[in-house]
2 protein chains.
Amino acid sequence: MVVLDEILIEEAAQAFAAMGSEARLLVLATLVKAGREGLAVGDIQARCAMPASTLSHHLRFLTSAGLIEQEKQGRTVINRAAYDRLEALAGYILKECCADQQRGACK
Amino acid sequence: MVVLDEILIEEAAQAFAAMGSEARLLVLATLVKAGREGLAVGDIQARCAMPASTLSHHLRFLTSAGLIEQEKQGRTVINRAAYDRLEALAGYILKECCADQQRGACK
DNA sequence: ACCATAATTCTAGTTATATCGAAATAATGG
DNA sequence: CCATTATTTCGATATAACTAGAATTATGGT
């Protein structure tokens with residue numbers, strides 16, 4: 001069993017930092033809800049109600065943290081949640097739970 | 001079935017922000033590994049190798065985000081990972097996955 | 001070529017965070 | 001009480017983030 005989604009601590013920290021702004025978390029949640037089809041920047045702007053430049057800034061932040069993926073289609077940019085990455089991050093938090101204890105797992 | 005660990009978006013953002021620093025994520029991971037017994041501030045300092053004042057700052061950040069809990073025992077302060085909270089946060093990310101789509105869940 | 005639309009980049013002001021030494025506080029033992 | 005240990009608070013500085021208007025680039029339609 002090969003682990004494909006091993007995450008370095010610095011990558012994890014960057015990803016969590018990207019989720020650590022209410023505005024960005026809202027954008028990310030909007031994309032997670034939207035599903036695999038994703039949303040154009042304008043659609044996100046309509047749903048999240050923020051200035052285009054602010055949104056663009058946050059989208060770049062989320063992209064560089066690997067939480068979303070962007071694909072250019074004509075003059076629109078489609079944004080999709082990076083579900084695999086998000087799952088890996090969800091697992092990261094408690095990954096090594098109680099590793100220092102000899103016997104017994106957590107809980 | 002009552003959901004006890006409902007999290008507001010602003011709380012989630014604060015929690016993720018707290019995990020969004022490499023130094024703090026290291027501290028948190030150290031506590032997660034340590035298990036329910038927790039660690040004194042001095043023990044964390046020894047394992048994470050950072051100045052006491054810096055560590056104290058990060059611990060306050062983590063505490064106010066609800067990621068760790070502190071208990072004073074004599075002159076030492078025991079720090080424990082808030083496992084319930086961490087689990088809730090892990091679930092938060094993909095909680096409403098594909099909610100906007102009529103049919104079919106994600107994947 | 002021209003114009004409307006989609007999105008990003010530029011620029012700047014404001015606020016928040018990171019770091020850490022020095023000093024202060026708090027609790028214990030002698 | 002005094003010394004010691006454990007931790008926090010203070011203060012200062014450096015860096016980074018948030019926000020958003022204005023300007024810019026890129027594409028598609030007419």
Side-chain angles (χ1 to χ4, degrees), chain A residues 9-31 34 37-81, chain B residues 8-31 34 37-82:
Chain A
I9 189 167
E10 67 212 59
E11 292 173 333
Q14 194 194 352
F16 289 131
M19 291 192 279
S21 130
E22 206 174 325
R24 277 195 301 268
L25 193 53
L26 176 61
V27 169
L28 181 63
T30 300
L31 288 173
E37 289 165 33
L39 290 174
V41 175
D43 293 334
I44 303 171
Q45 197 191 342
R47 296 185 196 205
C48 296
M50 65 179 73
S53 62
T54 302
L55 177 56
S56 186
H57 163 77
H58 287 314
L59 287 173
R60 193 175 48 184
F61 211 114
L62 288 165
T63 302
S64 84
L67 298 180
I68 69 175
E69 282 150 21
Q70 299 188 307
E71 180 196 347
K72 196 162 188 179
Q73 285 183 2
R75 57 185 161 181
T76 77
V77 173
I78 303 299
N79 300 264
R80 294 188 185 82
Chain B
L8 298 175
I9 189 169
E10 67 209 60
E11 292 174 333
Q14 194 194 354
F16 288 131
M19 291 192 279
S21 130
E22 206 173 325
R24 276 195 301 269
L25 194 53
L26 177 62
V27 169
L28 181 63
T30 301
L31 288 174
E37 290 165 32
L39 292 174
V41 175
D43 293 334
I44 302 171
Q45 197 190 343
R47 297 186 197 204
C48 297
M50 65 181 74
S53 61
T54 301
L55 176 57
S56 186
H57 162 77
H58 287 313
L59 288 174
R60 192 176 48 182
F61 212 114
L62 287 165
T63 302
S64 82
L67 298 179
I68 69 175
E69 281 150 22
Q70 299 189 308
E71 180 196 350
K72 197 160 189 180
Q73 283 184 4
R75 56 184 163 184
T76 77
V77 172
I78 303 298
N79 301 263
R80 288 181 246 276

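Distances shown here put every side-chain N or O of Ser53(A) at or beyond 4.0 Å from the OP1 or OP2 atom of dA20(D). Look at Thr54(A) and you won't find any side-chain N or O under 4.0 angstrom from OP1 or OP2 of dC18(D). Close to dT8(D), at under 4.0 Å from its OP1 or OP2, lies a side-chain N or O of Ser56(B).
As rounded to whole Å, 15 Å separates atom C1' of dA18(C) from atom CG of Leu26(B). dT8(C) atom C1' lies 17 Å from atom CZ of Phe61(A), rounded to whole Å. Distance CE (Met50(B)) to C1' (dT7(D)): 15 Å, rounded to an integer number of Å. Distance CD (Gln45(B)) to C1' (dT5(D)): 12 Å, rounded to an integer number of Å. In this structure, CG of Leu55(A) is placed 14 Å from P of dA6(C), rounded to the nearest angstrom. The distance from atom NZ of Lys72(A) to atom C1' of dT8(C) is 9 Å, rounded to the nearest whole Å. Rounding to whole angstrom units, CG of residue Leu39(A) and P of dA6(C) are separated by 15 Å. Protein atom CD of Gln73(B) is 11 Å distant from nucleotide atom P of dT28(C), rounded to whole Å.
Residue Arg24(A) has its side chain nearest to dC18(D) when only dA6(D), dC18(D), dA6(C) are considered. In this structure, of dT8(C), dA18(C), dC18(D), it is dT8(C) that holds the atom nearest to the side chain of Val41(A). Nearest nucleotide to the side chain of Thr76(A), out of dC18(D), dA7(C), dT19(C): dA7(C).
For the pair Gln14(B) (side chain) and Ser64(B) (backbone), a donor-acceptor distance under 3.5 Å is present. Judged purely by atom type and a 3.5 angstrom limit, Thr63(A) uses its side chain to pair as donor or acceptor with the backbone of Leu59(A). Side-chain N or O atoms of Arg24(A) include one that pairs as donor or acceptor with a backbone N or O of Ala17(A) at under 3.5 Å. Although no hydrogens or angles enter the test, the distance criterion places no donor-acceptor pair under 3.5 Å between the side chain of Arg80(A) and the main chain of Leu39(A).
A residue-by-residue look at Ile78(B) and Gly74(A) shows that Ile78(B) has its nearest nucleotide of DNA chain D further toward the 5' end. Annotation: of the two residues near DNA chain D, Ala40(B) and His57(A), the 5′-most nearest-nucleotide partner is Ala40(B).
At a cut-off of 3.5 angstrom, counting only N and O atoms as typed in the model, there is no donor on one side facing an acceptor on the other between the side-chain of Arg75(B) and the base of dT7(D).
When the options Thr76(B), Leu55(B), Ile78(B) are evaluated for a side-chain contact (heavy atoms from CB on, under 4.5 Å) with Val41(B), the one that passes is Leu55(B).
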